[in-house]
Amino acid sequence: MATAAGFSVLFQNPSKLSVRKFSNRAPNLKLTSSLNFFCSIFTFKSYNASFYKRFSTFQSCKCASAVPFVTRTYEFSDGSSEVELRLQLGDQDVQSPRDILVDANEASLAIRVKRIESHITMLETNHLFDKIKPSETIWYIDDGELVVNLKKQDPDLKWPDIAESWESLTAGSMQLLKGTSIYVVGDSTEINQKVARELAIGLGYTPLSTIELLETISKKTIDSWLLAEGYDAVAEAESAVLESLSSHVRAVVATLGGKQGAAGRADKWRHLYAGFTVWLSQTEALDEVSAKEEAHRHIKDGRRAYTTADVVVKLQGWDADHAKSVAQASLSALKQLIRSDKELPGKKSLYIRLGCRGDWPNIKPPGWDPSAEVDVPVTTE
């Protein structure tokens with residue numbers, strides 16, 4: 001059955017962004033960056049009923065910032081079944097608990113202080129690490145601090161921070177990925193390499209680059225190889241390298257870009273399915289709607305091999321200095337994808353153990369031989 005799944009994130013003019021780094025433990029975190037990006041999520045799956053549940057969803061979200069709006073000092077701790085946030089009220093004139101609004105749902109939290117004609121936002125985030133149980137949220141005031149207890153949906157996941165900082169995101173994603181490798185694909189070899197390296201550093205994975213492996217093995221540059229033997233030969237060689245890497249775990253692999261790479265050819269994806277794939281796609285889209293429509297068209301027509309990727313990250317322009325920002329968007333989208341089906345890493349592992357036979361996601365039982373598949377004639381009356 002056909003399948004297409006992906007997350008698309010549009011970064012607007014990354015070369016113009018001014019991003020200030022934040023420490024998880026730093027006091028007085030403030031929103032100083034206008035790091036705006038649009039996230040449009042597409043997931044259209046149809047799986048073999050013997051292995052998967054049917055799953056089909058469409059969701060669109062706009063994230064105003066990659067970090068939450070925080071203007072006061074806070075402390076954050078993670079327990080076995082709940083997390084606790086202690087937020088200093090400081091000079092806020094809070095007369096009673098009714099002056100404070102704590103709005104918590106499954107994936108976001110907003111804390112505001114009432115004023116006569118307005119509200120002051122003390123903390124607002126829609127990047128909670130994982131879903132909470134809003135009906136069981138408890139909060140109270142203790143010695144000048146607002147204490148909020150949030151019950152976790154999944155007690156096994158650890159939350160390094162209430163903010164989805166790079167450190168928090170990578171720590172949590174390592175648990176979700178369960179060692180599954182990541183393959184970065186797209187038209188630019190340079191972009192693939194830069195973003196893959198940032199992902200590898202953040203996750204503690206091994207950074208690998210097929211262009212470096214190919215040039216080391218052949219003892220010649222890819223450009224000279226292309227001139228001597230052509231694109232088909234290079235793509236075939238990279239496919240062989242991907243086959244050898246398909247059994248590896250905890251690696252982030254940057255692939256060759258454009259028509260010289262195996263990932264740009266639909267018949268070369270057999271071993272890429274062994275890991276999670278991120279398509280870094282440059283675009284002229286200027287807003288969320290345009291990016292969403294473009295990603296939807298790509299997934300629907302399926303004419304480009306890259307549309308098979310699990311995650312699509314739309315880039316408007318490119319600046320290597322912001323590779324980490326693109327890596328963070330990629331990892332955030334992967335995290336959402338896995339949270340929609342936490343069995344995905346296990347299914348990838350099963351696919352590898354069965355020999356990467358090209359039957360993803362409709363994995364066939366052990367012993368299945370693709371060469372033995374025959375078309376059953378269809379008759380009509």
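Because the structure is a prediction, the values reported are computed rather than measured.
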Short question: side chain of T189, backbone of L256 - any donor-acceptor pair under 3.5 Å?
-> no
Decide yes or no for R270 and W360: does some side-chain heavy atom of the first lie under 4.5 Å from some side-chain heavy atom of the second?
-> no
Please determine if K152 and E82 form a salt bridge, counting it only when a charged side-chain N lies under 4.0 Å from a carboxylate O.
-> no
Are the side chain of S218 and the backbone of L214 linked by a donor-acceptor contact shorter than 3.5 Å?
-> yes
Separation between CG (L315) and CD (Q282), nearest 0.5 Å, reads 6.5 Å
I100 vs L89, side-chain contact (heavy atoms from CB on, under 4.5 Å): CA-CA, chis, key distance, verdict | CA-CA 10 Å; I100 296 178; L89 296 175; 4.2 Å; yes
With the 4.5 Å side-chain cut-off for hydrophobic clustering, are I141 and V102 part of the same group?
-> yes
Judged by atom type as modelled, is there a donor-acceptor pair below 3.5 Å linking the side chain of R250 to the main-chain atoms of T206?
-> no
Among L280, L331, V278, which one satisfies side chain to side chain contact (heavy atoms under 4.5 Å, CB included) with V311?
-> V278
Does K348 count as lying over the ring of F276, i.e. NZ or CZ under 6.0 Å from the six-ring centre, within 45 degrees of the axis?
-> yes
Does K342 pair with D154 as a salt bridge, N-O distance under 4.0 Å?
-> yes
Donor-acceptor contact below 3.5 Å, side chain R197 vs main chain S209 = no
Give a yes or no on whether a salt bridge exists between E198 and K324, defined as a side-chain N under 4.0 angstrom from a carboxylate O.
-> no
Please step through side-chain contact (heavy atoms from CB on, under 4.5 Å) for the pair V147 and W139, ending with a clear verdict.
-> CA-CA 5 Å; V147 182; W139 64 271; over 6 Å; no
Does CG belonging to D142 count more than 12 external heavy atoms closer than 6.0 Å?
-> yes
List the steps, then state whether side-chain contact (heavy atoms from CB on, under 4.5 Å) holds for L109 with D103.
-> CA-CA 6 Å; L109 174 68; D103 183 12; over 6 Å; no
How about E145 and Y74: do any of their side-chain heavy atoms sit closer than 4.5 Å?
-> no
Give the minimum heavy-atom separation between A263 and T255, together with the two atoms involved.
-> CB-OG1, 4.2 Å
Any side-chain heavy atom of T121 sitting closer than 4.5 Å to one from L123?
-> no
Report yes or no: do V113 and L87 belong to one cluster of Ile/Leu/Val/Met/Phe/Trp/Tyr joined by side chain heavy-atom distances under 4.5 Å?
-> yes
Hey, is R112 close enough to D99 for a salt bridge, meaning N to O under 4.0 Å?
-> no
Check: T277 main-chain N/O paired with D310 side-chain donor or acceptor under 3.5 Å | yes
CD (E84) and CG (L150) are apart, to the nearest 0.5 Å, by 9.5 Å
dist S332:OG -> W166:CH2 (nearest 0.5 Å) comes out at 10.5 Å
Heavy-atom pair with the smallest gap, counting every atom of R357 and I363 | NH2-CG2, 4.1 Å
Please confirm whether the backbone N or O of I222 pairs with a side-chain atom of E215, one donor and one acceptor, at under 3.5 Å?
-> yes
Is it true that Y273 and I352 fall in one hydrophobic cluster, defined by side-chain heavy atoms closer than 4.5 Å?
-> no
Side-chain touch Y231/L226, heavy atoms, less than 4.5 angstrom = yes
With the 4.5 Å side-chain cut-off for hydrophobic clustering, are I138 and M122 part of the same group?
-> no
Heavy-atom side-chain proximity of Q153 to I132 below 4.5 angstrom | no
Atom pair OG1 (T210) and CG (N192), whose distance is rounded to the nearest 0.5 Å = 8.5 Å
Side-chain heavy-atom pair V184, V253 within 4.5 angstrom cut-off = no
Taking all non-hydrogen atoms of both residues into account, name the closest pair between Y351 and G358 and its distance.
-> OH-N, 3.0 Å
Sub-3.5 Å donor-acceptor pair from the side chain of R265 to the main-chain atoms of E236, do we have one?
-> no
Tell me, with the steps shown, if H271 and L245 meet side-chain contact (heavy atoms from CB on, under 4.5 Å).
-> CA-CA 8 Å; H271 299 289; L245 296 178; over 6 Å; no
Min side-chain heavy-atom separation T137-K151 under 4.5 Å = no
Is it possible for you to say whether L242 and L213 belong to one hydrophobic cluster, with membership spreading through side-chain heavy-atom contacts below 4.5 Å?
-> yes
Output the distance between atom CG (L203) and atom CD1 (I182), rounded to the nearest 0.5 Å.
-> 5.0 Å
Answer yes or no: is there a donor N or O on one side and an acceptor on the other, between the side chain of S246 and the main chain of E243, under 3.5 Å?
-> yes
Could you tell me the separation between the OG atom of S224 and the CD atom of E229, rounded to the nearest 0.5 Å?
-> 9.5 Å
Please name the pair of heavy atoms, one in V195 and one in S330, separated by the smallest distance, quoted to 0.1 Å.
-> CG1-OG, 4.4 Å
Assess whether side-chain hydrogen bond (donor to acceptor under 3.5 Å, both in side chains) is satisfied between S239 and K268, documenting all intermediate values.
-> CA-CA 6 Å; S239 183; K268 302 296 183 186; 4.8 Å; no
For K220, does the NZ atom have more than 12 heavy-atom neighbours from other residues, nucleotides or ligands under 6.0 Å away?
-> yes
Taking S173 for the side chain and L169 for the main chain, is one N or O donor matched with an acceptor at less than 3.5 Å?
-> yes
Main-chain N/O of T180 paired with Y205 side-chain donor or acceptor, under 3.5 Å = yes
Is the closest side-chain heavy-atom distance between V313 and W279 below 4.5 Å?
-> no
Which pair of heavy atoms, one from G257 and one from Y306, lies closest together, and at what distance?
-> C-OH, 4.2 Å
Which heavy atom in K347 sits nearest to a heavy atom in D341, and how many Å separate them?
-> NZ-OD2, 2.6 Å
